[in-house]
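It should be emphasised that the depicted structure is a prediction, and the values quoted were computed from it without experimental measurement. Numbering of ligands and ligand atoms starts at 1, following listing order.
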Amino acid sequence: MKRTRVRFAPSPTGPLHMGGVRTALYNYLYAKQHNGDFILRIEDTDSHRFVPGAEKYIIDSLRWCGIGIDEGVDEQGNMVSVKSEKYPHAPYRQSERRAIYRQYAEQLVAAGWAYYAFDSAESLDKERAAAEARGETFIYNWSTRERLCNSLTLSEEECAIRLKESTGWTVRFKMPQDRVVKMDDLIRGHIEVNSSTLDDKVLWKRADELPTYHLANIVDDHLMEITEVIRGEEWLPSLPLHYLLYEAFGWERPRFAHLSLLLKPVGNGKLSKRDGDKLGFPVFPMKWTSPEGETSHGYREDGYFPEAFINMLALLGWNPGTEQELFSLEELVKAFSIEKVIKSGAKFNPEKAKWFNKEYLRMKSDEELAALWMPELKEKGVDASPQKVLEIVGLIKERATFVSDFWNIAWYLFEAPVEYAPKDVAKFWKPENTEPALQACRECSTGEELEEWIRGRELPMGKIMNCIRLVLSGSGSGLGICEIIKYIGHEEVLKRWENALAVLGR
Ligand code: GLU
């Protein structure tokens, strides 16, 4: 049996969208499940859409997610340009493979599957305008090619001259007329399309001596021995052409799987950066700064754990068929199945993304979380022993979704409040509460003793405790009194009383 080889083939036209990360993830899971290879290929033949920094962003994002790349990128995270035993198919960046493609375009011309087209951009614009005036759409195919300027209509001599002297020509695929292209998709099943509605796509351009996406993609999938092509559904309309290209070359076809789109949380349509901006969630794995200096936030900087992000993405469009929701990457590799990927679009739910993070945060060790929190504490100039931080993390982690929530939950274990929530002051700061509360705090040095003291006098426990919490934390809700006193100590309790009395009066 052939070794399984799949590829993720992004174009470096901007930051990788989370939908793109999901495509990469499904490819990776498929590869690992079949003990195969996951290849990264950069499809950068469209120089107009090239964005500096995008390639590095893609590689860094995959690395952050833990999606290991077997071929395409070296240990340092650079695209591999030189062939070796480990990287037999290098280079993996299409712009560095430009010399490969021309011969394949010529091969198709020689076999009658393609032809040279000499039409100028202006003449095609005119065709388009004329068709529009008639209420039609211009399409370069069997219905028009015989009256246009190409090697099917010009004499051999005329063609030879133009091929030599002009640099404006292209190679176009000769899309057959009235052929029913029969295709199979691992997710969508059997599909049939009549070729008459399809156009003669440009495959290669003399102007920049570069292939278009379609030619480069098929040639490279063949040369790189790709066995399954798993990609976004926006490429489904290109599938008939790709099928015919394999037929034209006489090559064995990989199997195809087209993934449905990620949809907006509300309403219809593709999940976009605008949805993220509007509803306050990232659509990119990491922060991105465009060459113009515009920035977009990412899951990484927003405090998501890569494991949580990946787990959430895996379940957006794939259903394991059980109740299980939490999967490590290894578990995903075992459980994933391309046949169980859903055909319809998957609605993204930002709240669910947070839920995943909360679950992963709970599963982390206190040590790991303390280490992640430490830089923030240092920056704030907090002077706390590692042991204390560790204990506090253990105390608060159940209440947090992100490590960045820790400070909001527990800041008053490190510093005294200087303000008191007016709503809680109105509710709890009454002499009938404050007098016994103060006396209790003077006499007791632990929370447990306090409770005993209040209970022994049959005083209203809730009101008095909330009054004490107001003094210690500045608000009537939050961590348990016993915990607060344990971390700040009795002396600090009395200091906080002094301040509260000075600010709020008796
Ligand atoms: N370069 C294409 C993209 O940007 C790849 C499509 C494919 O996987 O065939 O999505």
task: Could you check Phe118 against Leu163 for side chain to side chain contact (heavy atoms under 4.5 Å, CB included), going step by step and ending with a plain yes or no?
output: CA-CA 9 Å; Phe118 304 103; Leu163 284 175; 3.8 Å; yes

message: Enumerate the ring-ring contact (aromatic ring centres under 6.0 Å, His included) contacts for residues 187-226, please, sequence neighbours excluded, ordered by first and then second residue.
response: Trp169-Trp204, Tyr213-Trp235, Tyr213-His242, His214-His242, His222-Trp251

- prompt: Any ring-ring contact (aromatic ring centres under 6.0 Å, His included) pairs touching residues 323-344, not counting sequence neighbours?
  reply: Tyr26-Phe336, Trp318-Phe327, Trp318-Phe336

query: Looking at CZ of Phe8 and CG of Leu40, how far apart are the two atoms once the value is rounded to the nearest 0.5 Å?
result: 7.5 Å

Residue pairs involving residues 357-378 (criterion ring-ring contact (aromatic ring centres under 6.0 Å, His included); sequence neighbours excluded): Trp373-Phe406, Trp373-Phe414

message: I need the contact residues for ligand 1: any residue with a non-hydrogen atom closer than 4.0 Å to the ligand, ordered by chain then number.
response: Arg7, Ala9, Ser11, Glu43, Tyr213, Asn217, Arg231, Trp235

task: Would you verify whether the NZ or CZ of Arg172 falls within 45 degrees of the ring axis of Tyr140 while also being under 6.0 Å from that six-membered ring's centre?
output: yes

